[in-house]
Protein chains: 2
Amino acid sequence: MITFEEAEIRSRIIKAMSHPVRLMIIEVLKEGELSFSKINGMFESDKSTVSKHLLVLKESGIVSSKKSGSDMIYKLEVPCITDFFGCVTAVIENNVKRQQVCLCGGRGISC
Amino acid sequence: MITFEEAEIRSRIIKAMSHPVRLMIIEVLKEGELSFSKINGMFESDKSTVSKHLLVLKESGIVSSKKSGSDMIYKLEVPCITDFFGCVTAVIENNVKRQQVCLCGGRGISC
DNA sequence: TGGTACGTTGGTATTTTTACCAATAATAAG
DNA sequence: CTTATTATTGGTAAAAATACCAACGTACCA
């Protein structure tokens with residue numbers, strides 16, 4: 001059995017992924033490095049909000065950043081992260097199949 | 001690009017995994033179905049707390065439950081979930097390698 | 001030197017998550 | 001029927017996550 005301490009470490013990384021904006025950032029960084037302003041341009045949120053999402057990803061070790069001129073460049077450190085999305089999709093599809101009153105869309109419908 | 005709506009759906013499932021107790025439950029359910037009392041026995045938390053963790057997992061579609069006599073039996077619906085842990089471990093090991101002041105152990109040390 | 005673009009940090013209000021206790025519902029056993 | 005056993009639900013308090021605005025630091029340019 002996995003220890004609670006090990007589970008805590010893992011959960012910090014998973015928690016870092018558990019926000020729609022951060023998932024979108026991970027997804028887009030899979031295609032290659034991007035500057036803050038490019039990432040920021042994807043969202044309507046305040047830039048400070050986007051900056052803090054990137055900090056969460058960085059502190060967990062999922063992304064890294066480096067300065068390049070006046071830009072800050074973000075990079076996905078561990079691309080295998082996105083392999084996981086296939087399984088997440090499997091959960092979603094399974095929910096549809098079982099007609100579960102699930103969280104998909106938050107409306108208790110069949111996604 | 002993934003839409004924000006799709007990212008929201010995914011994030012609900014990932015958020016359901018983002019707690020040490022729930023990760024441990026997923027891990028142990030990979031070995032096979034278990035009753036509530038067996039799962040509850042793994043933790044020192046109040047049984048209501050454990051029950052609510054199981055509810056979170058159930059509502060996300062990660063586990064399912066069925067009544068058997070006086071027991072409630074929990075089952076991992078989507079075993080591929082645990083494949084992901086390998087990549088989470090890769091993140092952790094990468095953090096060590098980079099000597100990052102990371103979140104591992106919450107102490108800013110090399111895990 | 002002054003101004004401008006870029007990104008982070010501090011502060012705060014709101015929402016969400018979490019954990020416990022107590023009470024309830026459901027089933028089994030005596 | 002009464003009493004245990006089993007698990008969930010309601011209520012509440014504390015902690016964490018989230019988003020915004022404002023202020024700041026940094027680098028570049030005129």
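Fair warning: this is a prediction, and the values are worked out from it, not measured in the lab. Reminder, nothing fancy here: chain letters follow the sequence lines and each chain counts from 1.
In terms of position on DNA chain C, the residue among A:Ser70 and A:Asp46 whose nearest nucleotide sits closer to the 5' end is A:Ser70.
Contact check, B:His53 against C:dA19: a side-chain N or O comes under 4.0 Å of OP1 or OP2. At C:dA19, none of the side-chain N or O atoms of B:Thr49 fall inside 4.0 Å of OP1 or OP2 (strictly under the cut-off). In terms of phosphate contacts, B:Ser51 brings a side-chain nitrogen or oxygen within less than 4.0 Å of OP1 or OP2 of D:dT8.
No N or O donor and acceptor, one from the side chain of A:Lys67 and one from the base of C:dG7, sit under 3.5 Å apart. Residue side chain A:Lys52 reaches the base of C:dG11 through a donor-acceptor N/O pair under 3.5 Å, judged by distance alone. No donor-acceptor contact under 3.5 Å links the side chain of A:Lys58 to the base of C:dG7.
Expressed to the nearest 0.5 Å, how far CG of B:Leu57 lies from CG of B:Leu29 amounts to 8.0 Å. The distance from atom OG of B:Ser51 to atom CD1 of B:Ile39, rounded to the nearest 0.5 Å, is 10.0 Å.
No hydrogens or angles considered: nothing links the side chains of A:Lys75 and A:Ser64 as a donor-acceptor pair under 3.5 Å. A donor-acceptor pair shorter than 3.5 Å can be found between the side chains of B:Lys58 and B:Ser65.
Annotation: proximity of residues 16-44 of chain B to DNA chain D (heavy atom, distance under 4.0 Å) is found for B:Phe36, B:Ser37, numbered in ascending order.
Between A:Arg10 and B:Glu27 there is a salt bridge, since at least one side-chain N of the basic residue sits less than 4.0 Å from a carboxylate O of the acidic one.
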